[in-house]
Chemist: 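First, the structure itself, so that you have it in front of you.
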Amino acid sequence: MILSILSLLPIAVGLLLMALPHILPEGLSSQVSAITRNICMGVALALLAISTWAAATSLSDIDWMNIDFGGYELENTPFEIIPQIGVSWHVGADALSLPMIWLTALVVPLSMLVEWDAKKGHYFHPLLLVMEGAMIGVFVALDLFVFYVFWEMTLIPMFFLILVWGGEDRRYAAMKFFIYTFTASVVMLIGILVMYFNTGSSISDRSFDMIAMLDSGGQMSEGLRHLVWFLLLIGFATKMPSVPVHTWLPDAHVQAPTAGSMILAGVMLKMGAYGFLRVAVTAFPASTVVFTPLLVFLGMASLAYGAWVCMGQSNLKRMVAYSSVSHMGLIFLGIATMQPLGIAGALFMMFAHGIISPLLFAVAGAFKHHYHTLEIGSMRGIAHHSPWLAGHMMLGWMASLGLPMMAGFVAEVAVLIAFWMTFGWLVLLPALTLVITAVYYLTSMQRTIFESNDPHQGNLPDTLHHEPRDITWHENAGMTILGALTILFGILPFFFWDMMSYWSTEVMVQLLADAMQSEGVRP
Amino acid sequence: MTSELDGIDLQLLLPELVMTLGLAAIIIIPNLGDAKFRIPLTSLRVPVLIGGTRFPATRDPRLPNWMTLATLSAALAASTMALLDPPSSGQVGNALEVDQFSSLLTNLFICVLILCTVSATQRLPSDPDAPAPSEGDDEESESSKTAALYDNRRQADFHILLLTLGLGMSLMAKSTHLFMLFVCLELASLSSYVLVGFHKESKEGGEAGTKYFIVGSVASAIGIYGMSLLYLWSGDLSVSGLSQSWQSMESLDPIAAAGVGMMLVAFGFKVGAAPFHLAIPDAYSGTSSMVAGVLATASKAMGFVALFRLLLTIAMPASGPAFWYGTLAVISVITMTWGNLAALSSDNPKRVFAYSSVAHAGYMLAAVSAIGSGIAEPAAQELIVMAVIFHLCVLVLFKMGPFMVLSSIEREGSSHRVSGLNGLASRDPLVAASMFVFMLSLAGVPPFSGFLSKLLMINGIVTVSAGTGGASTILSWATSVNPVFWLAVAVVLNSALSMFYYLRMGMVMFFEPNEDGESSPCNPVVRALIVSMAILSLAFGIGPPSEWLLGLAEDAAAALLS
């Protein structure tokens, strides 16, 4: 019930708010438009409160130690919505999805806050609300049809966010974003349909329910299993995104409005990792074991390539976007370790990156907003002119490069230790690559925040007529909350870490260990 | 061979009878009061003894439109009754049968024609240069402008053609005898040729009509020749008789195969399959949008009905693959790819939609050819037929919808450019939003109904083929799986390809400034219809309405295959 509300309410409210100005009479509709953003914020905060409550009760009530495979919390009684093909409305949460639901509920109101003054706000904020509902829908759906519907539905509001509120090249970016991810998803759809085919021997037996779908792997011949795993990987890796299917991300990020980037980096990328763990790894543990070298390769390539390209970027947002690619690589590495610690590290990486990257994009967006440029080096010494902005920028970049006491560090260390346990000295590869992260962040920090007090020593664009000011209160508030949470989860990670680590020990590693045994791979 | 038309038979054919009566009324009533009776579609006038000039009511240019609407609504009610309460025995004579399949299709045809009629209310000027009434006009000047714009005679002709089209199509859905089927198909086709060329004043209109007529009649001639070969082979043209002869045939008889192949050409033209689709983009772009919409939805559905009867009922062997399966599979892949590639490079929205409808025909043909692969069990066959019928039904919403939008912004008989859609979002946000919904639905993006129908078709193909391969590596599985599986991949890749031009249409509406500054007010009724069609596109994509429509399609598929 709670989860149904979390996913459907914001969609309904958002659509209604967008339609109202066209339905209501003139006077009333302008009044509604004027308070649209307040309504949206109210709904988003209510959702945050509900999901915080749900997470908090789960933390205290649920015995995560003894949770079984296929056990979900806050489940509803499934009811069929398209009985002809066995589609039902079935939602639930577990340790994999609960942190993601809370993260979504957190990032969306913050992104609204950061872009509180967006142009055409009576469409902008409702779109963010629709986006929130669709993303939560992805995380709560326990029916693969519904999952796929929500998965694709997230594209539509994001397409409009980029297209209407984006930068110069927004059309190209929006089209590329939509077509790229849509193509990957329809490829994944074939995989889902093959799984669906194997859920029963006759048409009336088949269903899209997650449990049945996850068991379907046992019915397939080995080659088919690998193929389906591969099709799913294409869909999920593109969303994550992993090298070599990452190229939509930098364009989409650079052109998207600040709130769009925050949601894109904070939550949408996690959908890829979430789907990979939820569907591909859980249904086909044996294929995951067999293709571990591929995962290591993809993870390593993303990590190294992303970091390497970052060093050459002069555009602030593009640099942050590639750093996302780089960090997402760590998730693949964490999964590939097949260790409880590594998988828990990957889960925590999803969560930590979900807090840190919105901060980075909020900072980049504010920079663009106040200095009319995203070029690193065209503006120097913002510590002097915009001390708050500079402070948040420092904090975000430090967190992203993995400074201890910040959320990112916990995840990186966990993944690296697990990597060492499995692959031995190969750990030097990712560990040394992480050093590159420090290089590009420190360089840009020096060139942007410090170096000179004269803003015009760089080459600021002519459009900037006024003296640079500091960020507005709502930008500041959003960034402060994100920054505080980054530190909070860096020092006290156990809020979510416990459930993640139990889940990866009890559920994931069990599954993978059985698969390893049947595949004859060294455990 | 003779059968009496008793009371029950008449009730079964109620929708067609209503249409026939309405047809007679539209021929007669606009002439009332006149001393001369005009033969419809001609300038021939036969003197009658009484009368002088026409009454104001019979001269009213809106009269034929209203009469057609009333007729079609009554026919819709009648056929809905038959659909919801199916008759125990639907046999009418030995050539027609009313069952849930034919009732559903009749409903579909009539719905399309109603949509076409409604969007024709403020269209069809006799003089293409006459100004349309605008919002600021007072009542008097509005009615004089309207009268200048419309011409009662021409309106009557247009609607007579629509009704004969409807009559032909709905009888055709009920035919269980190939001869009857062909006659009804031709009745509908001839009406549609004239409708395509209805704007004879414009260059494009005449050219489109002629092209469509020539290609169509050649296709029909080939089809009739094929039918005569079938008659030569079995001596019977009833669908059940032919089906029995086919099942008892020991090896494939070349005459029978040639007959079916030639009929495939005629029906392939109707559905717009490559390489018989070449006249379609010209026809769509030359005619007015609502007629193009009828061609893209009802006429295509009609072609699929004929294909179902021919391929699934007649030319389906008792076991093993049907001989047409490979050909049809190849045709389907060529059709969808050609359609999508051509749509990518078109700048005329009507041509884009024409090619997109070619591509959609390809998707459906792929599903049909999976049935013929010989590895489909009966349940899977029914699943696929259900998927195609469902697709044809929801296609009415999101294919007719864009044509209605185009119809409200275009001038008569003019072909069009994408730039006509420029800035639609600022002129009329609700219509633009609906149009975007139609585009996403056509592309197959969830949660819209286009996704569900496409998913069902792909699922049908996967269901037929996924169980066939069996090997331990990806590569050996890929080589051992039945080739039908790759049809699913082709459909999926083509959907991704089509995304590009659908999004481009959406983009133009939202982000190009409106250059000519001309804004034609959309008729409120048409506008409400467009918006409600967009809402229905969503409703039939997920949730209870889709369950209901799928149930109807399931029953229809069962009735067809029984």
Side-chain angles (χ1 to χ4, degrees), chain A residues 15 18-19 21-23 80-85 87 89 123 134 145-146 148-153 155-156 159-160 163-164 170-171 174-175 178-180 182-190 192-198 201-204 206 219-230, chain B residues 377 379-380 382-383 386 390 428-430 433 436 440 443-447 451-452 454-456 458-459 461-463 465-467 469-478 480-481 485 488-489 491-493 495-497 499-500 503-504 506-507 510-511 541-544 546-547 550-551 553-554:
Chain A
L15 289 179
M18 280 189 279
H22 304 291
I23 299 169
E80 293 203 308
I81 47 177
I82 308 177
Q84 283 88 351
I85 50 171
V87 176
W89 176 260
Y123 292 123
F145 182 90
V146 177
Y148 187 82
V149 167
F150 279 124
W151 175 273
E152 293 285 64
M153 235 169 93
L155 295 184
I156 301 168
F159 176 72
F160 276 104
L163 202 49
V164 182
R170 53 185 189 265
R171 284 185 206 185
M175 286 285 253
F178 201 118
I179 293 172
Y180 213 114
F182 180 79
T183 310
S185 317
V186 288
V187 171
M188 177 176 92
L189 182 63
I190 297 187
I192 292 181
L193 285 176
V194 175
M195 288 169 77
Y196 167 72
F197 170 78
N198 282 294
S201 51
S202 75
I203 288 167
S204 52
R206 290 176 195 151
Q219 311 289 321
M220 300 180 197
S221 66
E222 205 183 344
L224 184 59
R225 237 172 12 213
H226 291 335
L227 179 78
V228 173
W229 183 87
F230 207 75
Chain B
E377 36 183 312
E382 201 179 308
L383 185 76
M386 175 186 90
F390 182 74
D428 200 340
L430 277 183
F436 198 72
L440 292 179
V445 178
F451 165 69
L452 183 57
K454 207 177 268 183
L455 174 110
L456 285 169
I458 300 173
N459 182 34
I461 301 174
V462 170
T463 302
S465 59
S472 57
T473 65
I474 295 181
L475 207 63
S476 59
W477 185 86
S480 68
V481 73
F485 183 78
V489 178
V491 172
V492 156
L493 293 181
S495 305
L497 185 63
M499 200 68 231
F500 187 80
L503 278 187
R504 194 167 63 119
M507 220 114 126
F510 284 91
F511 305 104
I542 192 155
S546 57
E547 180 189 337
L550 271 176
E554 204 176 13

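Predicted model only: the values in this text are computed from it and were never measured. The chains referred to below are lettered A, B, ... by the order of the sequence lines, with proteins before strands, and numbering in each begins at 1.
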Chemist: Would you say the side chain of I81(A) lies within less than 4.5 Å of the side chain of E547(B), judging by non-hydrogen atoms?
Modeler: no
Chemist: Go through the atoms of I461(B) and report whether side chain, backbone, both or neither lie under 4.5 Å from a heavy atom of chain A.
Modeler: neither
Chemist: Using heavy-atom distances under 4.5 Å, tell me whether R206(A) contacts chain B through its side chain, its backbone, both, or neither.
Modeler: side chain
Chemist: Checking L475(B) against chain A: side chain, backbone, both or neither under 4.5 Å from a heavy atom?
Modeler: neither
Chemist: Which region of L497(B), side chain (C-beta onward) or backbone (N, CA, C, O), has a non-hydrogen atom less than 4.5 Å from a non-hydrogen atom of chain A, or is it both or neither?
Modeler: neither
Chemist: If you tally heavy-atom pairs under 4.5 Å against chain A, which of L456(B), I542(B), L455(B) wins?
Modeler: L455(B)
Chemist: Can you tell which part of L550(B) gets under 4.5 Å to a heavy atom of chain A, answering side chain, backbone, both or neither?
Modeler: both
Chemist: Can you tell which part of A443(B) gets under 4.5 Å to a heavy atom of chain A, answering side chain, backbone, both or neither?
Modeler: backbone
Chemist: Taking the inter-plane angle between the rings of F145(A) and F451(B) on a 0 to 90° scale, is it parallel (under 30°), tilted (30 to 60°) or perpendicular (over 60°)?
Modeler: tilted
Chemist: Go through it in stages, so that I can follow the logic: the residues are F485(B) and V194(A), the test is side-chain contact (heavy atoms from CB on, under 4.5 Å), and I'd like the CA-CA distance, side-chain angles, deciding distance and then a yes or no.
Modeler: CA-CA 10 Å; F485(B) 183 78; V194(A) 175; 3.9 Å; yes
Chemist: Checking V491(B) against chain A: side chain, backbone, both or neither under 4.5 Å from a heavy atom?
Modeler: neither
Chemist: Apply ring-ring contact (aromatic ring centres under 6.0 Å, His included) to residues F160(A) and F436(B) and explain how you reach the verdict.
Modeler: CA-CA 11 Å; F160(A) 276 104; F436(B) 198 72; 4.8 Å; yes
Chemist: Which one of I192(A), L155(A), I156(A), V146(A) has the most heavy-atom pairs closer than 4.5 Å to chain B?
Modeler: I156(A)
Chemist: What part of T463(B) is in contact with chain A, defined as an atom under 4.5 angstrom from a non-hydrogen atom: side chain, backbone, both or neither?
Modeler: both
Chemist: Counting only non-hydrogen atoms closer than 4.5 Å, does I190(A) touch chain B with its backbone (N, CA, C, O), its side chain (CB onward), both, or neither?
Modeler: side chain
Chemist: Do you know which of R170(A), E222(A), H226(A) has the most heavy-atom pairs under 4.5 Å to chain B?
Modeler: E222(A)
Chemist: Looking at CG of L503(B) and CZ of R171(A), how far apart are the two atoms once the value is rounded to the nearest 0.5 Å?
Modeler: 13.0 Å
Chemist: Considering residues at least two apart in sequence or located in another chain, which fulfil the side chain to side chain donor-acceptor pair (under 3.5 Å) criterion with N198(A)?
Modeler: none
Chemist: Let me confirm one number: the CZ-CE distance from F159(A) to M507(B), rounded to the nearest 0.5 Å.
Modeler: 5.0 Å
Chemist: Is it the side chain or the backbone of Y196(A) that comes within 4.5 Å of chain B heavy atoms, both, or neither?
Modeler: side chain
Chemist: Which region of I458(B), side chain (C-beta onward) or backbone (N, CA, C, O), has a non-hydrogen atom less than 4.5 Å from a non-hydrogen atom of chain A, or is it both or neither?
Modeler: both
Chemist: Using a 4.5 angstrom heavy-atom cutoff, name the option from P544(B), A496(B), A488(B), G551(B) with the most pairs to chain A.
Modeler: A496(B)
Chemist: Taking only residues two or more places apart in sequence or in another chain, which ones pass side chain to side chain contact (heavy atoms under 4.5 Å, CB included) with E554(B)?
Modeler: Q84(A), E382(B), M386(B)
Chemist: Considering all heavy atoms of both residues, which atom of M153(A) and which atom of P446(B) are nearest to each other, and what is their separation?
Modeler: CG-O, 4.3 Å
Chemist: Working to the nearest 0.5 angstrom, can you tell me the gap between F500(B) CZ and T183(A) OG1?
Modeler: 11.5 Å
Chemist: Looking at V489(B), L493(B), V462(B), L452(B), which one has more heavy-atom pairs under 4.5 Å with chain A than the rest?
Modeler: V462(B)
Chemist: Check each atom of I85(A) against the heavy atoms of chain B and say whether the ones under 4.5 Å are side chain, backbone, both or neither.
Modeler: side chain
Chemist: Of the listed residues (A380(B), P429(B), A433(B), G541(B)), which shares the most heavy-atom pairs with chain A below a 4.5 Å separation?
Modeler: P429(B)
Chemist: Between V164(A), I179(A), L163(A), which has the largest tally of heavy atom pairs under 4.5 Å with chain B?
Modeler: L163(A)
